Amino acid sequence: MSNLDVLFSPYRLNSLALPNRVVMAPMSRYVCRDGVPTAEVAAYYRRRAENGVGLIITEGTGIDRPAALNEPGMPRFHGAAALAGWKKVVDEVHAAGGRIAPQLAHVGQKRSNTHPDWTPSASYESPSGLSMTGEQVGRPMSEADIADTIDAFARAAAGAERLGFDGVELLGNHNYLINQFFWDQQNLRDDRYGGPTLLERSRFAVEILKAVRSAVSSGFPVILRLSQWKPKDVTARIAETPRALEQWLGLLAEAGADAFHFSQMKFWDPAFPEVDEELNLAGWAKKLTGRTAITVGAVGLSGDVNESFAGRSARSVPLDGLLARLERGEFDLVAVGRALLQDPAWLEKVRQGRVDDITDFTPAAFAALS
Ligand SMILES: Cc1cc2nc3c(=O)[nH]c(=O)nc-3n(C[C@H](O)[C@H](O)[C@H](O)COP(=O)(O)O)c2cc1C
């Protein structure tokens, strides 16, 4: 393996000093009880911190809206019991020398993957009440709902800083609520939160970013996670061209995003192959905005996450291609999902060159909290 030094070089994300470039990707585990992270959850994150992960981003955790979550095992990020559970998580990660940011989530109209019959305590809410395929599945949010949701994101971010978290990430990807506002097929609103252009449909995200930014201190990192793809359409694009991407991200950067975490299936897939055969989405984000860019997608593995969800294993593979891109400065940070799910010591093994000790990813890891 070449150029490992670049992976273990420090980086500053706003005022947060990171010892290396590796971020644990947010991964829902659905094991919380009544929305409260358990001691097992705290120990699970602690193990990744003990093994040197630079920054842990937690599984999606619900802001204070009645329909923010779509799974019974997802954690909440409000209420005394859930926040006490999160405080234990932060303290354990810090005790092990790590850093951690919650992924603040509202799922919009997206239904449960694992419990189709489970429903939140209020009806699903979304920009126009439409599913990805255009059926009316819920109610459009009123302006009052929108205002309270923006405020709930800000309250959660302020709470995260108070609890001692090292930053926050906003779930703006994968067809969850913020993402649904961006999408012209799901946001048909004719008020100021909708409109024919992506910039008009970005107002909801812009107002969330501004509210979050003013609720936390200026040095506190605010990461926005985005994706072009949708769960049912991996070829979907929200920004059709680099120019559209530049205008979109420019607006979001100006509103307060310190970093863009661009979800894609495989980090080596070019975002606009018709223009550049190499540059991935994080690469474009960095080039167009100069903000911190986090890449993700099959790092250290031969196959993507959808293949694993379909039950297939993925081989452990060398990091050379990733390291070459990192060294060229295409992006700043690298998020790792399944490799760190499979093995909490993955990064430490990489650092020590113990590649033979790194096992392949098997879907059995989805069921474990090891
Ligand atoms: C079990 C599991 C749960 C996930 N949950 C979330 C989540 O809560 N929020 C999110 O933005 N992405 C989620 N993802 C996507 C990952 O953050 C990541 O983008 C994806 O797994 C690709 O990275 P990988 O190829 O390194 O696994 C999840 C992925 C997995 C495997």
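In each ligand, atom 1 is the first atom listed, and ligand 1 is the first ligand listed. Any value given below was found using the heavy atoms of this structure, including those in side chains, with hydrogens, waters and symmetry copies removed. Bear in mind the structure is a predicted one, so any value in this text is a computation, not a measurement.
Close contacts between ligand 1 and Asn173 involve ligand atoms 10 (C), 11 (O) [criterion: under 4.0 Å to a heavy atom]. Per-residue contacts place Ala298 under 4.0 angstrom from the following atoms of ligand 1 (heavy atoms of the residue considered): 24 (P), 25 (O), 26 (O). Atoms of ligand 1 lying under 4.0 Å from any heavy atom of Gln103, numbered from 1 in the order shown and given with element: 7 (C), 8 (O), 9 (N), 10 (C), 11 (O). The ligand atoms of ligand 1 that sit less than 4.0 angstrom from a heavy atom of Phe309 are 2 (C), 30 (C), 31 (C). Set against the non-hydrogen atoms of Val296, the atoms of ligand 1 under 4.0 Å away are 19 (O), 23 (O). Close approach of ligand 1 to Gly60 (heavy-atom distance below 4.0 Å) involves ligand atoms 8 (O). Counting atoms of ligand 1 from 1 in the listed order, those under 4.0 Å from a heavy atom of Ala25 are 17 (O). Here is the list of ligand 1 atoms found below 4.0 Å of a heavy atom in Leu171: 11 (O).
For atom 18 (C) of ligand 1, the nearest protein heavy atom (residue, atom name, distance) is Arg225 NH2, 3.8 Å. Protein heavy atom in closest approach to atom 29 (C) of ligand 1: Met27 CG, 3.7 Å. Of the protein's non-hydrogen atoms, Pro26 O, 3.6 Å is the one closest to atom 28 (C) of ligand 1. Among protein heavy atoms, atom 5 (N) of ligand 1 sits closest to Ser28 N, 2.8 Å. Residue, atom and distance of the protein heavy atom nearest to atom 21 (O) of ligand 1 are Val305 CG2, 3.5 Å.
By the 30° and 60° cut-offs, the orientation of the rings of Trp86 relative to Tyr45 is tilted. Ring geometry, His174 versus Trp229: the interplanar angle falls from 30° to 60°, so the pair is classed tilted.
Considering only heavy atoms from C-beta on, Arg99 stays 4.5 Å or farther from Ile56 through its side chain. Between Leu130 and Val137 there is no side-chain heavy-atom pair separated by less than 4.5 Å. Annotation: side chain of Glu71 is not in contact with side chain of Ser28 (no heavy-atom distance under 4.5 Å). Annotation: side chain of Gln264 is in contact with side chain of Asn280 (closest heavy-atom distance under 4.5 Å). Residues Asn306 and Asp304 are in side-chain contact: their nearest non-hydrogen atoms beyond the backbone lie under 4.5 Å apart. In this structure the side chain of Gln109 reaches within 4.5 angstrom of the side chain of Gln186, judged on heavy atoms.
The residue among Arg338, Met265, Glu59 with a heavy atom at the shortest distance from atom 24 (P) of ligand 1 is Arg338.
Here Phe267 and Phe262 keep their ring centres 6.0 angstrom or further from each other. Remark: aromatic rings of Phe309 and Phe366 are close, center separation under 6.0 Å.
Not close to ligand 1: Asp304, with no non-hydrogen atom less than 4.0 angstrom away. Using a 4.0 angstrom heavy-atom cutoff, Tyr176 does not count as in contact with ligand 1. Residue contacts with ligand 1 include Gly297, since one or more of its heavy atoms lies under 4.0 Å from the ligand.
At least one N or O atom of Gly337, backbone or side chain, sits closer than 3.5 Å to an N or O atom of ligand 1. Inclusion of Ala335 in the set of residues having an N or O under 3.5 Å from an N or O of ligand 1 is not warranted. The distance criterion of under 3.5 Å between nitrogen or oxygen atoms is not met by Arg29 with respect to ligand 1.
In this structure, Arg21 forms no cation-pi arrangement with Tyr11, as its terminal cationic atom is not both closer than 6.0 Å to the ring centre and no more than 45° off the ring axis. Both the sub-6.0 Å distance and the 45° axial angle are satisfied by Lys287 relative to the ring of Trp284.
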